[in-house]
There are 2 protein chains.
Amino acid sequence: MLPAKRRARILEVLGAEQMVSLKDLSEALGISISTVRRDVDYLDEAGYLSRTHGGAISTARASTTFEPEAAIASAIESAAKAAIGAVAAQLIQPGQSVLFDSGTTTAAAARAAAKLSIPFTAMTNDVMIASCLSQNALVQTSVTGGTMRSGTTTLLGADAVNSVARLRADIAFVGTHAITPEVLSDTSLELADLKRRFMAAADRVILLVDSSKFFNRAFCAFGETSAVDLVLTDSRISADATAALKDRGIDLRMVDIAP
Amino acid sequence: MLPAKRRARILEVLGAEQMVSLKDLSEALGISISTVRRDVDYLDEAGYLSRTHGGAISTARASTTFEPEAAIASAIESAAKAAIGAVAAQLIQPGQSVLFDSGTTTAAAARAAAKLSIPFTAMTNDVMIASCLSQNALVQTSVTGGTMRSGTTTLLGADAVNSVARLRADIAFVGTHAITPEVLSDTSLELADLKRRFMAAADRVILLVDSSKFFNRAFCAFGETSAVDLVLTDSRISADATAALKDRGIDLRMVDIAP
DNA sequence: GAAACATCTTGAACTATTTTGGTAGAACAT
DNA sequence: ATGTTCTACCAAAATAGTTCAAGATGTTTC
């Protein structure tokens, strides 16, 4: 297994468990304790987790504005994201207009949507999603203007907001950095602002969120769960989380993850 | 198997897998590990993927770049474009604002510019160029809005035009499909319109054009050679062409092609 | 066209570097 | 006190970098 893959898996475990011992990690990943120790130290150094005696605890999401580098973000929960994306794409009807928020989960949806053979119109503020969708000649792809923060593929700022403000769409696929039973939140004001616009511009808001995002709070709230028409998540979501959302009458669909 | 085909297949694998070891690639493609290593290093250099010890992981672009092999080939295999791009990047001064037209030659300039360690502001209508530039934290990258035609990474249309119309930049790097001693031309009205705006918005217009574009005419003229402040081309340009341009008082610089 | 020549690419052999898993003693928690 | 975890080190394995000869490709010359 590749070092990078190993580290991503460690973060996945930590996303689900909050706390793990090095021993457990060593057994779960089938690698020696020495290597686990080195990986965990590395991730600690890089700020992805915190070390404790004998193990590691997740810290990334506790820090409300922390964003992992793109390479790692896309590797974390990649199976869950792909599964969620595949189901999301199936919800698109021929001829509809669809908004794709930026993010790795919505990117998975775009990748699946690009393989559909139905025509639809798409708009996104993520250049990676855009170039993905534009592979399919049936998809009319538009991109918001805006400014990219370095290391990301996300367009933000006044131009992006204005582009979205003029629109009316059938569906918005929105991602989120964190979700509680009531609130969706993300890491920056600008991101939050734009997500709010996406949600306001669409008849049907579909939230794509893998199970590791429950229940956390990030820096900046951008909407309420009640404003979402459908939540798509993976089957690793906890019973607590499903109950809390269903109590609020939120339509929740779980997607089985391929091994 | 052709080198270009090999590299395209590596990107294809990487689009599906997120990470692969060199060993796996070697087996999957039936080529030696040495060759895989060379290909992967090459693609890393060109920004299509990132290397890790023992393998490669997909960057934003790799997972979306199911570009036809021909597109990859023309984008990264051309020594002339790379050489022109490298020289173009050197013309950027710290703090300047720079417009990057869409196209493979301007993309080469963007790749070189992304490796500079000077801060500047960039605006482009090509999402590939944008994701290239945004890898450098010193570069403030903006993207025009617009619509993508399928199979391309180019943004066109009213939104793109409007984005550019508001700007004033120090430099515009402009590509062209064809050039005669008097006229620059390209393949579509929309493209031509946007290129015209780029040229009007910049104090200094620098035309990046490899020698194969002399002297042809494409469907739609978008400007006169006299409106260009500097023409950068490669040394394979014919003597006729240089003479014709110099007769018109056009500043022409030839770039030696690296071996 | 074909032969001769130069150039580039490939795969393999070899060396250097990095990574890995193990071990021994020190530090730690209960 | 006792078992566990940490640090530091080592040898083995894997990967990266280098070099080179054989083959493929491209160019020139006749």
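These numbers were taken from a predicted model, which means no experiment stands behind them. So that the names make sense, note that chain A is the first sequence line, chain B the second, and so on, each numbered from 1.
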d([atom1], [X]; [atom2], [N]) in whole Å:
X        : N       : atom1 : atom2 : result
Ile33(B) : dA12(C) : CD1   : C1'   : 12 Å
Asp24(A) : dT4(D)  : CG    : P     : 14 Å
Leu29(B) : dT10(C) : CG    : P     : 12 Å

Test of understanding: with side chain to side chain contact (heavy atoms under 4.5 Å, CB included), list the residues that count as partners of [X], not counting sequence neighbours.
X         : result
Asn136(B) : Leu138(B), Val139(B)
Arg38(A)  : Ser34(A), Thr35(A)
Glu17(A)  : Val13(A), Val20(A)
Asp24(B)  : Ser21(B)

Does OP1 or OP2 of dT20(C) have a side-chain N or O of Arg6(A) closer than 4.0 Å? yes
What salt bridge (Lys or Arg N to Asp or Glu O under 4.0 Å) pairs are there with at least one residue in residues 47-56 of chain A, not counting sequence neighbours? Asp41(A)-Arg51(A)
Taking ring-ring contact (aromatic ring centres under 6.0 Å, His included) as the test, write out the residues that go with Phe100(A), two or more places apart. Phe173(A)
Divergence of helical axes at both termini of the helix from dG1(C)-dC30(D) to dT30(C)-dA1(D) - five pairs an end, 10° steps: 40°
Pick the nucleotide of DNA chain C nearest each of Pro3(A) and Met1(B); which residue has the one closer to the 5' end? Met1(B)
Please compare Gly30(B) and Arg7(A) by the position of their nearest nucleotide in DNA chain C and report the one closer to 5'. Gly30(B)
Scan residues 241-253 of chain B for pairs that pass side-chain hydrogen bond (donor to acceptor under 3.5 Å, both in side chains), counting only residues two or more places apart or in two chains. Glu182(B)-Arg248(B)
A correct 5'-to-3' footprint of nucleotides 5-26 of chain D, with B, S and - meaning base, sugar-phosphate only and no protein heavy atom under 4.0 Å, is SBB-------SB----------
Do the charged groups of Arg204(B) and Asp229(B) touch, with an N to O distance under 4.0 Å? no
